[in-house]
Peer 1: 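Provided herewith is a single structure, encoded as structure tokens, for subsequent inquiry.
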There are 2 protein chains.
Amino acid sequence: MPQKAIICTVDVVLLCLRGTVLNVALWRRERAPFEGSPALPGGYIHPEEDVDTLDAASRMLREKTGIASPYLEQLGTFSGASRDPRGWSISIAYYALLPAELIEQEPAPGLVLQAVEQLKGLPFDHKDIVQAAVQRVRNKSSYSSLPVYLCGEQFTLPRLQAVYEAVLGEPINKVSFRRKMEELDMLEAVEGAMETGRANRPAQLYRLKHEFQQCLSVSPRSLTAAAG
Amino acid sequence: MPQKAIICTVDVVLLCLRGTVLNVALWRRERAPFEGSPALPGGYIHPEEDVDTLDAASRMLREKTGIASPYLEQLGTFSGASRDPRGWSISIAYYALLPAELIEQEPAPGLVLQAVEQLKGLPFDHKDIVQAAVQRVRNKSSYSSLPVYLCGEQFTLPRLQAVYEAVLGEPINKVSFRRKMEELDMLEAVEGAMETGRANRPAQLYRLKHEFQQCLSVSPRSLTAAAG
DNA sequence: CGGTGTTAGTTGCAAAATGCATCTAAGTTG
DNA sequence: CAACTTAGATGCATTTTGCAACTAACACCG
């Protein structure tokens, strides 16, 4: 016998890199509780419109930012009695990565960018959710090419290395970094394109190979859909 | 404004190793839909009793098996319209690891152990959930000491290596394996205890160091509780 | 026009980590 | 006590990693 309805929402941790610090995108809440406070974008699931919760997260981001397909992955589900003043609740959290330019240019109403290290005054358990997302990103960045999704369409290797170093918080050896990128085999040089402009040797521009450009990452549910 | 109630359950993938094959514990369902079919143990969340969904998963396992604290970790949340005939639904999935003896000795009513490679006839999207759990376990086993939770209290290094090889599905170099265990620094020799009995040199028995014996792994929510 | 500064990208080598074969150890069995 | 079996250690070859030095390609400046 089903239990009585419980509060069940989807929240999104949208991360971008400004300079060398990770920032999270917050929006001023338009309704109670915590009306007016900057918080993670989120809301109720719409079973009629949403295929699954990944779809719900994607829809929320699109509504807030107009961006259709950032890197988006399920983070985890947070639950408990104390996280929402209205009572026991569940939030399925996702995290997304975006180049900072995309969000800084956009005149999104109510948007607040905040450095992830000094979060204060977040409602619910949103601070915990953000910290879990940051930890996930740092961890995955140490063995994958996740940080490329914080860069734009095209980028140089020195730029990408700087992004890695910012995310991981430690310097990386140049040769090791390039070897690793080589063996991951996810980048391709953009024909002839070079980043120039300053008083130095111009750098080769790269982009994600086509097969990795599908940024909307697979969730357990969509894996099913693809396999069936 | 909250959406109308959606079906929201917790399911547990309980894995153990029989011989060299991973098995999942299924129970015959006691109610519709799919009454009588072997399926993952699960059920509705009880906000009154459960601190969070980890707690709900733990409770379900305890009710089914009597086992209080296996290794238990959140796997992910599965959602969609097609996974449950009753309509759009959400399942927060957990996975647990247990020594096979604990579950084989127990006279659990309705229990069916099934090899994870040839699952058939599972209701809902339980096959997908099991496969996601197996993939997670394989992946984590390649860099962590996760498989120790498939062994009993005490075990020898040759035995543990066999467990790793069964989970990963490939042979491991003996010296490399022992070096890795050494550097993980999670095991301690049991004073004087040796496993003997056959026509050979007896092997040293080991156990998890105390600080790792807390098998109930931390979830995002309980991390909060610990930090606060 | 050529020197200088600055960043990009490569090469060679030392150091560390890994894998493999072999060797020794400690028991049981006949 | 010789033969067999598995546990565990040791030595060395191979691979991987990290570092420093080197070459390359620009702009700027005299």
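Given the structure is predicted, the values throughout are model-derived calculations rather than measurements. The chains referred to below are lettered A, B, ... by the order of the sequence lines, with proteins before strands, and numbering in each begins at 1.
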Peer 1: Take the protein atom CG of B/Asn173 and the nucleotide atom C1' of D/dC12, then report the distance between them rounded to whole Å.
Peer 2: 14 Å
Peer 1: Within the pair A/Ser176 and D/dT17, is there a side-chain N or O less than 4.0 Å away from OP1 or OP2?
Peer 2: no
Peer 1: B/Leu184 CG to C/dA17 P: how many Å, rounded?
Peer 2: 14 Å
Peer 1: Using a heavy-atom cut-off of 4.0 Å across all strands, would you classify B/Arg179 as base, sugar-phosphate, or nothing?
Peer 2: base
Peer 1: With a 4.0 Å limit, can you tell me whether A/Arg201 has a side-chain N or O closer than that to the phosphate oxygens OP1/OP2 of C/dG9?
Peer 2: no
Peer 1: For B/Tyr143 and C/dT18, what is the distance between atoms OH and C1' respectively, to the nearest whole Å?
Peer 2: 21 Å
Peer 1: Between B/Gln135 and B/Gln131, is any side-chain donor less than 3.5 angstrom from a side-chain acceptor?
Peer 2: no
Peer 1: Going by the angle between their ring planes, with limits at 30° and 60°, are B/Phe177 and B/Tyr164 parallel, tilted or perpendicular?
Peer 2: perpendicular
Peer 1: Whole Å only: how far is the CZ atom of B/Arg178 from the C1' atom of C/dC20?
Peer 2: 15 Å
Peer 1: Nearest whole Å is fine: how far is C/dG27 C1' from B/Gln204 CD?
Peer 2: 14 Å
Peer 1: Taking NZ from B/Lys174 and P from D/dT10, how many angstroms apart are they, rounded to a whole number?
Peer 2: 13 Å
Peer 1: Could you walk me through whether B/Tyr94 and B/Ser58 pass the side chain to side chain donor-acceptor pair (under 3.5 Å) test, one step at a time?
Peer 2: CA-CA 9 Å; B/Tyr94 283 77; B/Ser58 178; over 6 Å; no
Peer 1: Side chains of B/Tyr206 and B/Glu188: donor-acceptor distance under 3.5 Å anywhere?
Peer 2: no
